[in-house]
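Below: the structure, in structure tokens.
Counting from 1, the numbers follow the sequence of the chain as shown.
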Amino acid sequence: QVQLVESGGGLVQPGGSLRLSCAASGSNFAWYTMGWYRQAPGKQRELVARITSVLTTNYANSVQGRFTISRDNAKNTVYLQMNSLKPEDTAVYYCHADGSWLDRIDYWGQGAQVTVSS
């Protein structure tokens, strides 16, 4: 079973920056499409960004141009650099690994709270 451990959440002011990290266990990390999802209070979980094994990226329109997803396969880690943060970015951010092809299962992190407030 793959475990995803998130870190880097916290409280920041509007316009500030934060970087989330997600460290994965296992040996198939390089083959997974990795993603960041978030769930704001009273809202459904939504895709924020994802990055494939060949480094193709996709972003939600709401974060396009402000957030950057990246990965370091040598460290089994995916990152989410969040710049120009807005109060509406406040949410619990979840790391996701698409193991459906190799493992027939998806993996989720425990979530990291990001609060953007002055």
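Here CG of N76 is found 8.5 Å from CE of M34. Values are rounded to the nearest 0.5 Å. Atom CG of L4 is separated from atom OG of S25 by 7.0 Å, given to the nearest 0.5 angstrom. Rounded to the nearest 0.5 angstrom, D103 CG and Q1 CD are separated by 8.5 Å. Rounded to the nearest 0.5 angstrom, T33 OG1 and W101 CH2 are separated by 10.0 Å. Taking OG of S100 as the reference point, atom CD1 of I105 lies at 10.5 Å (rounded to 0.5 Å).
The two atoms that bring A91 and Q113 nearest to each other are O-NE2, 3.4 Å, heavy atoms only. The heavy-atom pair separating V48 from F67 by the smallest distance is CG1-CD2, 3.6 Å. The shortest non-hydrogen separation linking V114 to M82 is CG2-CE, 3.9 Å. Summarising the geometry of G8 relative to L18, their closest heavy-atom pair is O-CG, 3.3 Å, with the distance given to 0.1 Å.
Checked by atom type and distance alone, the side chain of Q39 never pairs as donor or acceptor with a backbone atom of V92 at under 3.5 Å.
Side-chain atoms of D98 and Y107 include no donor-acceptor pair closer than 3.5 Å. For the residue pair S17 and N83, a side-chain donor N or O sits within less than 3.5 Å of a side-chain acceptor on the partner.
For residues 45-60, every residue pair satisfying the side-chain hydrogen bond (donor to acceptor under 3.5 Å, both in side chains) rule, not counting sequence neighbours, is listed here: R38-E46.
With sequence neighbours left out, R71 forms a side-chain hydrogen bond (donor to acceptor under 3.5 Å, both in side chains) with N73.
Residues Y37 and W108 bring their aromatic ring centres within 6.0 Å.
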